[in-house]
Asker: 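One structure follows; several queries about it will come next.
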There are 2 protein chains.
Amino acid sequence: MGVKGAETRDRMLDATQELIETGGYFGAGLNQVIAASGTPRGSLYFHFPGGKDQLVGESVRRAGRTIGDALEGLADSSASAAEFVDAVLRSLGDRLEESGWRKGCPVATVALETASTNDPLQEACSEVYASWEATLRARLTGRPDADDLAVLILALVEGALLLARTHRSREPLDGVARQIGVLLR
Amino acid sequence: MGVKGAETRDRMLDATQELIETGGYFGAGLNQVIAASGTPRGSLYFHFPGGKDQLVGESVRRAGRTIGDALEGLADSSASAAEFVDAVLRSLGDRLEESGWRKGCPVATVALETASTNDPLQEACSEVYASWEATLRARLTGRPDADDLAVLILALVEGALLLARTHRSREPLDGVARQIGVLLR
DNA sequence: AAAAATATGTAGACCGATCTATTATGGAGT
DNA sequence: ACTCCATAATAGATCGGTCTACATATTTTT
C-alpha cells in the first residue's frame, strides 16, 4: 500500500471512529463517513472490501487500542489501585465534557447495537472489553479476587460513563470516584 | 379511545419495546414494528402522530416503569441492601440469559444512540434512569452517602449488563454479585 | 534512460432495497 | 349518522453497495 492510500484509509477510519462515538453503528452512515473524511465513495470499497462492517470493526479495535494504551499509561503513573481508578474516571470525564457530552465509550454503543444482530462486530467489541479487563487485572495483581475486581471496575466505569452521557453531567463519574476508596481499601 | 384502538396501540408498543431491546432505536424499524404487531402502517400514525420518536419515547418510558416496578418489588422482599442488589443482578441475569442474550437494559441502547442526536429521547432516557436512581436511593436511606451509593449501584448494574450482553455470559453479573458485599458492608 | 505495461488508487454516477411519513378510502362500532 | 380506526398504495429520502472510467504511481522491458 502506497503512502497516499494509507492516508486515505486512515482518514476514513478517523472519521468513522468519530461518528461511531457520537452515534454508534447507524450514526456512522457511509455518506457521512465520506463527507467527513473528504474521500470518495469508491475508495471506501477499495480499502475496505468487506464494506461497512469491516470499516466499523477496524474502527472499534483501533479505538480499543487507543483507550487501552491510555489505561496502561495511567496505571504506570498511579501509586495505588484506587488512585488509578480515580485517574481513569477523571480522564474519561474530561474527555466526555470537553466533547460536549459526545464522546463516552467508543465501544459501548456499537456493542449494544450489534450484540444480537452482527456476530463479527459483537466479537470485536467483546475482545476489546476483554483486553481492557486484562489491563485492569494486571494493575491489581496481588489482591485477592483480582479477576472479579477487574470486571467490577470495568463495569463501574462503563456504567458511570453511560449515565454521565445520558444525563449530560459529570455527577455519576464523580459520585463513583468518591466511593471508589471504600471498594479498593 | 375505544377498546379496539387501545389494543392496537398496546400491540404496537409491545412490539417496539421488544425490538428496541434487541436492536435499539435503529433496530426498531417501523416495517418491523408493524410486521411484529400485525397492525397496519397507517394506524401507527393515527395512534402516534408524533411518528417514530413518539413511539420509541413511549416504549422507553413504559419499559422504564416495568423495570422500576420490579425494582420496588425486589426492594420490598429483601432484608438488606446487599441482598437487594444481589437479587437485582440475579433477576436481570435470568432475563438476559433466558432471552438468548437479547434482553439487557431496555434503555441503554437507545440512550447511547440518541444521547447526542435526539434531545427528546435523550431526555426520556435520562428521566428513566433518574427514576431508578430514586428507587435505589429509597432502599438505602439511613446510610451515609446514600445518594452516591444509589448512582454507584445503578452504574454497576448497567455496566455489568453491558458486559454480560457483549460477552454473552453471566460472568460479569456474577462477578459483581460476589463483590457487592464488600461495598455494602 | 525512455517507453511500455501493470498495479494502485481516485472519482462519482448509479442500483435496488429500505427507511419514515403521508394520503385517500372504506369499514366497524356506538 | 358520525366518530373511530383499519388498510394499503405511495411518496420521497437515504441506506449500503456496485460499477465503470479515469488518473497516478511503480515496475518491466527495451
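Proteins get letters first, then strands, A, B, ... in listed order; numbering begins at 1 in each. The structure displayed is predicted, hence computed values, not measured ones.
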Asker: Just do the salt bridge (Lys or Arg N to Asp or Glu O under 4.0 Å) check on B/R168 and A/D119 with the steps written out, would you?
Answerer: CA-CA 11 Å; B/R168 294 179 184 169; A/D119 288 0; 3.0 Å; yes
Asker: Ignoring the backbone of B/F46, work out which of C/dT10, D/dC5, D/dG17 is nearest its side chain.
Answerer: D/dC5
Asker: Figure out the CD/C1' separation between B/E7 and C/dG29, and round it to whole Å.
Answerer: 14 Å
Asker: Whole angstroms only, please: what is the OH-C1' distance between B/Y25 and D/dC15?
Answerer: 15 Å
Asker: Please determine if A/K103 and A/E18 form a salt bridge, counting it only when a charged side-chain N lies under 4.0 Å from a carboxylate O.
Answerer: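 A/E18 and A/K103: salt-bridged.
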Asker: Taking only the side-chain nitrogens and oxygens of B/N31, find out if one of them lies under 4.0 Å from OP1 or OP2 of C/dC19.
Answerer: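 B/N31 to C/dC19 OP1/OP2: side-chain N or O found under 4.0 Å.
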Asker: Taking any heavy-atom pair under 4.0 Å as a contact, classify B/G29: base, sugar-phosphate, or nothing.
Answerer: sugar-phosphate
Asker: I want to check one thing: is the phosphate of D/dA6, taken as OP1 and OP2, less than 4.0 Å away from some side-chain N or O of B/T8?
Answerer: yes
Asker: Within this structure, what is the CG-to-P distance between B/L30 and C/dT22, rounded to whole angstrom?
Answerer: 11 Å
Asker: Out of D/dA6, C/dC19, D/dG16, which has the shortest distance to the side chain of A/R41?
Answerer: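 Shortest atom-to-atom distance from the side chain points to D/dG16.
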Asker: Is it true that the NZ or CZ of B/K52 lies under 6.0 Å from the centre of B/Y25's six-membered ring and within 45 degrees of the ring axis?
Answerer: yes
Asker: Please pick, from C/dT10, C/dT20, D/dT7, the nucleotide with the shortest atom-to-atom distance to any side-chain atom of B/S43.
Answerer: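 Looking only at side-chain atoms, B/S43 lies closest to D/dT7.
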Asker: Once you round it to whole Å, what is the distance between P of D/dC15 and CG of A/D53?
Answerer: 16 Å
Asker: Using a cut-off of less than 4.0 Å, is there contact between a side-chain N or O of B/Y45 and OP1 or OP2 of C/dT22?
Answerer: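 So the side-chain polar atoms of B/Y45 never come under 4.0 Å of the phosphate oxygens OP1 or OP2 of C/dT22.
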Asker: Could you work out which one of D/dC15, D/dA6, D/dG16 sits closest to the side chain of A/Q32?
Answerer: D/dC15
Asker: Where do B/D147 and B/R137 land on the salt bridge (Lys or Arg N to Asp or Glu O under 4.0 Å) test, with the steps shown first?
Answerer: CA-CA 6 Å; B/D147 283 19; B/R137 203 177 307 124; 3.6 Å; yes
Asker: When the distance from CG of B/L19 to C1' of C/dT18 is rounded to whole Å, what number comes out?
Answerer: 15 Å
Asker: Whether B/H47 contacts D/dA6 is assessed here as follows: a side-chain N or O lying under 4.0 Å from the phosphate OP1 or OP2. Is that the case?
Answerer: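 B/H47 to D/dA6 OP1/OP2: side-chain N or O found under 4.0 Å.
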Asker: Does a salt bridge link A/D94 with A/R170, judged by any charged N lying under 4.0 Å from a carboxylate O?
Answerer: yes
Asker: Using whole Å, report how far CG of B/D10 lies from C1' of D/dC5.
Answerer: 15 Å
Asker: If I take atom CD1 in residue A/I34 and atom C1' in nucleotide D/dT14, what distance separates them, rounded to the nearest angstrom?
Answerer: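 In whole Å, D/dT14 C1' and A/I34 CD1 are 12 Å from each other.
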Asker: Report the distance from atom CG of B/L44 to atom C1' of C/dT23, rounded to the nearest whole Å.
Answerer: 15 Å
